[in-house]
Amino acid sequence: MIERLIERLFPAPLHRAMLPLAHKIRHRWRKFRRTPLAGCSVIVTDFGGNLLLLRHSYGPQGWALPGGGLKPGEDPATAAMREVREEVGLTLSSVTKIGEIEEEISGAPHTAHLFTAICDDHPVPDAREILEARFFPTHSLPEPLSRTTRIRLDHWRKVQGQ
């Protein structure tokens with residue numbers, strides 16, 4: 001796994017410093033190639049209904065949901081559980097798919113697989129990709145929320161009938 005190699009070769013502060021540049025390069029590459037992408041986002045709540053949000057060390061500023069890209073041939077549900085574990089150290093026993101969103105990210109077509117999960121453990125940010133991770137009451141979410149987070153939360157609320 002390339003992630004493990006990077007963690008061994010680069011201390012967290014250096015890795016964090018490199019992520020914004022890597023993000024810009026990846027963004028331009030996607031825009032140039034326009035290769036269809038697939039990713040996942042996970043709406044994680046605790047038993048009190050509070051919502052887990054993250055702040056990344058790179059990319060657009062704003063609070064976001066856990067998630068990321070699918071590896072080639074990876075099942076979306078497996079990717080969702082892997083991303084939550086990698087980003088904030090939470091092991092989910094299961095996820096429930098609530099839909100897909102077809103969108104464009106970095107100029108390329110993107111399918112976002114949306115999942116929900118319940119977890120009452122405390123998130124621990126990886127201190128590389130994720131700077132902060134906390135549960136928030138759904139009636140008092142922090143600002144700014146990223147654009148994609150707003151779209152995903154709107155879909156979640158529609159599925160719940162809110």
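- Smallest separation of non-hydrogen atoms from F115 and V95: CD2-CG2, 3.6 Å.
- Transitive grouping of hydrophobic side chains (ILVMFWY, heavy atoms separated by less than 4.5 Å) keeps I118 and V42 in distinct clusters.
- The shortest heavy-atom contact between D46 and F135 is N-CE2, 3.6 Å.
- The hydrophobic clustering, which links ILVMFWY residues whose side-chain heavy atoms are closer than 4.5 Å, places L70 and I43 apart.
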Begin with the C-alpha distance, continue with both residues' side-chain angles, and end with the deciding distance and a verdict on side-chain hydrogen bond (donor to acceptor under 3.5 Å, both in side chains) for S41 and R152. CA-CA 8 Å; S41 291; R152 284 149 176 69; 2.9 Å; yes
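- Closest non-hydrogen pair, P66 versus L54, comes out as CA-CD1, 3.4 Å.
- When atom types are taken as modelled, the side chain of E74 and the backbone of K71 share a donor-acceptor pair closer than 3.5 angstrom.
- With rounding to the nearest 0.5 Å, the separation of CD in E143 from CH2 in W63 is 11.5 Å.
- In this structure, CZ in R128 is found 10.5 Å from OG in S57, a value given to the nearest 0.5 Å.
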- Output, in order, the C-alpha distance, side-chain angles, deciding distance and verdict of salt bridge (charged side-chain N to carboxylate O under 4.0 Å, His left out) for E132 and R134. CA-CA 7 Å; E132 191 174 0; R134 297 187 321 188; 3.6 Å; yes
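- The nearest pair of heavy atoms linking I105 to E103 is CD1-OE2, 3.5 Å.
- Atom CZ of R157 and atom NE2 of H155 lie 12.5 Å apart (nearest 0.5 Å).
- Distance CG/L114 to CH2/W156: 12.0 Å, rounded to 0.5 Å.
- Between F47 atom CZ and D120 atom CG the span is 5.0 Å, to the nearest 0.5 Å.
- Counting heavy atoms from C-beta on, the side chains of T148 and L65 never come closer than 4.5 Å.
- Taking hydrophobic clusters as Ile, Leu, Val, Met, Phe, Trp and Tyr residues chained together by side-chain heavy-atom distances below 4.5 Å, V124 does not share a cluster with L131.
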Walk me through it: do R147 and E104 pass the test salt bridge (charged side-chain N to carboxylate O under 4.0 Å, His left out)?
-> CA-CA 12 Å; R147 181 186 66 77; E104 189 173 285; over 6 Å; no
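- When only modelled atom types and interatomic distance are considered, T111 and E100 share no side-chain donor-acceptor pair under 3.5 Å.
- A distance of 10.0 Å separates CZ in F136 from CG in N50, rounded to the nearest 0.5 Å.
- The side-chain heavy atoms of V44 and L51, taken from C-beta on, include no pair separated by under 4.5 Å.
- Of all heavy-atom pairs between A64 and T149, the closest is CA-OG1, 3.1 Å.
- Minimum heavy-atom separation, L90 to H122: CD2-O, 3.6 Å.
- Using a 4.5 Å cut-off on side-chain heavy atoms (C-beta onward), E83 and C40 make contact.
- Counting heavy atoms from C-beta on, the side chains of E86 and D126 never come closer than 4.5 Å.
- Although no hydrogens or angles enter the test, the distance criterion places no donor-acceptor pair under 3.5 Å between the side chain of H113 and the main chain of A79.
- Contact of the L153 side chain with the T138 side chain is not registered, since no non-hydrogen atoms from C-beta on lie closer than 4.5 Å.
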